[in-house]
Amino acid sequence: MTLLQVQGATRRFGGLIAVDNVSMDVAAGEIVGVIGPNGAGKTTLFNLISGFTPLSGGEIRFDGARIDGEKTFAIARKGVGRTFQNLRIFPNMSLFDNVSVGAIGMLGAGPLSSLRRDTKVATEIAERTWTALERVDLAREAHTLAANLSYGKRKYLEIARALAMAPKLLILDEPAAGLNDSETHTLAAFIRDLHAGGMTVLLVEHNMALVMSICRRVVVLASGRKIADGAPDAVRADPLVLESYLGVEEEA
Amino acid sequence: MSDRFRARLIAIGFLALVFVAAPAALTAFGKSYYWQVADLALIFALLAGSMHLVTGVAGLLQLGHAAFYGVGAYAAALLATKAGLSLAFTLPLAGLSAATIAVLVALPTMRLVSIYFAVATLAIGQMLYLIMLNWVEVTKGPNGIMLFSGMKFAGLDLSRPLPTYLVVAATVCVSLFVLHRLSHSYYGNALRALREDDQCADAMGVDTVRLKIEAFGVSGFFAGVAGALWAHTAGFISPPDFSFQTSILILAMVVVGGLGSLPGAVLGAFILILLPEALRPFGDFRNIAVGVVLFASILFVPKGLIGEVSALDFARRQLAGAWRRDGAGAEIGWR
């Protein structure tokens with residue numbers, strides 16, 4: 001079953017075409033990597049999907065319904081959870097409070113439920129929050145401020161916050177950026193584990209080894225266009241990819 | 001001593017101070033002037049508490065809070081003098097008028113961020129202030145409005161100092177309790193997420209625009225209630241009570257107490273109202289002394305006298321029930 005369907009997505013910024021007529025699908029339960037050199041339009045594509053940036057053309061469907069043109073929070077509530085390339089945690093909130101926001105947004109804990117002390121909603125939020133914190137092994141530090149967390153752990157905090165949303169699709173924007181080799185290795189195992197647990201994952205990543213090791217399918221973008229889409233081995237052998245991306249990477 | 005027991009003790013202690021110790025002391029020593037100071041301290045505790053929700057928790061720098069206080073005061077004064085309504089009606093109606101104007105004002109401004117939002121609230125505050133000053137047919141302009149009716153509730157005359165004080169104290173305590181429930185709940189967490197990174201909160205499914213408008217409306221409501229209390233206790237209101245200076249005074253209370261901390265806001269209000277009174281014997285030097293206290297508190301305790309972290313910890317663990325999971329299992333949520 002196709003969960004996410006991007007058709008002819010285009011985004012212009014003035015004269016620049018950041019994403020040019022890109023089409024791609026993600027099936028439920030799949031783990032797909034999006035790679036490409038800097039400025040290829042990967043993050044813009046993610047921003048189009050999560051509604052941060054409006055499309056200039058094309059359409060995006062999620063779970064059968066069009067989501068382009070919807071507000072960001074409405075798209076999130078349909079089940080699109082994401083993390084950010086440049087870590088965006090809530091620094092002056094505890095880890096518990098950080099992660100709870102994911103559940104609060106999805107369950108819509110309004111002012112009246114907090115006035116009445118609606119135990120049902122509160123319990124559900126708390127359960128989801130603890131489960132997500134335990135999933136990333138941060139439950140013991142739940143009441144420390146996020147600002148006091150190490151860089152590596154902040155990555156997991158961000159993922160936990162997205163997991164508390166119980167998303168149908170988890171979008172990870174460069175999760176391994178800034179991590180060393182052994183940390184990247186642990187993260188890869190973690191993502192593989194999430195996927196094995198049934199999570200559909202869409203991942204943008206610079207770290208080729210990581211993408212190739214955990215993704216069954218890889219989409220390659222260059223200058224806003226999709227130039228390849230297939231199994232890691234096929235993509236790796238694709239001359240177009242070698243030229244525009246892997247070649248550049250090796251020179252650097 | 002368990003946390004919850006200590007919590008009860010602190011809550012009971014606070015209520016005993018407000019409802020027993022303070023009135024007893026005021027009855028024993030009180031000139032009627034001291035009663036007015038006590039009323040004013042409580043009214044400003046509510047003003048600071050209501051600004052805390054918008055500025056401290058939701059992170060929207062509000063520079064026109066006194067205008068909503070004024071809207072409530074004028075609404076109550078007009079309803080009492082023109083329509084002869086008693087306190088039971090003027091209090092909620094004043095709150096609703098201020099909330100309505102706050103929401104109307106919020107609708108177009110909520111997409112503004114940080115300093116732009118602050119300047120917009122400044123402009124709105126000035127606009128409302130100028131309306132109070134210049135719409136003479138209704139507000140009587142600079143002459144202000146006298147309330148001869150006094151405080152009445154269900155046929156009881158509440159205009160003597162003690163009953164007046166008790167009405168103010170009860171209204172303020174109930175209002176602060178509502179603000180406590182809002183800011184120390186999961187709803188409060190959503191508001192804090194706006195302050196920390198509203199785009200990111202948006203991506204978590206939080207309807208940020210709606211939340212900001214709600215917070216602004218609730219904050220306006222309680223500022224309006226405070227205004228009604230002021231109109232009824234002072235018996236006379238005029239535009240200078242609701243000027244930019246008052247907005248800044250409320251902001252100072254919130255910051256001195258600790259941004260994001262409700263107990264801090266209340267403490268800040270008590271300090272900034274009571275300190276100038278306590279220093280009255282020093283004549284004009286007292287204003288300098290107040291300035292020094294403000295400056296020193298920002299310099300030495302920038303997070304406030306009761307910072308957000310400790311306030312949250314205290315309020316949740318001890319007043320709102322267990323947020324911590326203990327060894328026994330899932331001890332979370334309200335309870």
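So that the names make sense, note that chain A is the first sequence line, chain B the second, and so on, each numbered from 1. Predicted model only: the values in this text are computed from it and were never measured. In what follows, every heavy atom counts, from backbone to side chain, and hydrogens, waters and symmetry copies are set aside.
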Greatest number of heavy atom pairs closer than 4.5 Å to chain A - which of B/V178, B/D207, B/T208, B/L191: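 So the answer, after comparing B/V178, B/D207, B/T208, B/L191, is B/D207.
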
Given side chains that start at C-beta, do those of A/F73 and B/V206 come closer than 4.5 Å, heavy atoms only?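 A side-chain contact is absent here, since even the closest heavy-atom pair is not under 4.5 Å.
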
Just wondering, do B/N189 and A/N98 contact through their side chains at under 4.5 Å, heavy atoms?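 SC-SC contact between A/N98 and B/N189 ruled out.
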
Closest heavy-atom pair and its distance - [X], [Y]:
| X | Y | answer |
| --- | --- | --- |
| B/G205 | A/A76 | N-CB, 3.4 Å |
| B/E214 | A/P111 | OE1-CD, 3.5 Å |
| A/I104 | B/A190 | CG2-CB, 3.9 Å |
| A/A126 | B/Y186 | CB-OH, 3.4 Å |

Measure the [atom1]-[atom2] distance between [X] and [Y] for me, rounded to the nearest 0.5 Å.
| X | Y | atom1 | atom2 | answer |
| --- | --- | --- | --- | --- |
| B/M204 | A/R161 | CE | CZ | 4.5 Å |
| B/C200 | A/E158 | SG | CD | 6.5 Å |
| A/L112 | B/R181 | CG | CZ | 12.5 Å |

With only heavy atoms counted, which part of B/R210 is less than 4.5 Å from chain A, the side chain, the backbone, both or neither?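 Neither part, no heavy atoms under 4.5 Å.
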
So what's closer than 4.5 Å to chain A heavy atoms on B/Q199: side chain, backbone, both or neither?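 For B/Q199, the contact with chain A is made by backbone and side chain together.
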
[X] [atom1]: over 12 foreign heavy atoms closer than 6.0 Å:
| X | atom1 | result |
| --- | --- | --- |
| B/R111 | CZ | no |
| A/L16 | CG | yes |
| A/F52 | CZ | yes |
| A/N148 | CG | yes |
| B/Y116 | OH | no |

Please classify the contact of [X] with chain B as side chain, backbone, both or neither, using a heavy-atom distance under 4.5 Å.
| X | answer |
| --- | --- |
| A/T72 | both |
| A/M106 | both |
| A/F84 | side chain |
| A/V121 | neither |

If you count heavy-atom pairs under 4.5 Å between each of A/G81, A/G102, A/A74, A/P91 and chain B, which one has the most?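 Highest number of pairs under 4.5 Å: A/P91.
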
Name the one of A/T144, A/L145, A/N92 that satisfies side-chain contact (heavy atoms from CB on, under 4.5 Å) with B/V309?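 Exactly one option meets the side-chain contact (heavy atoms from CB on, under 4.5 Å) with B/V309, and it is A/L145.
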
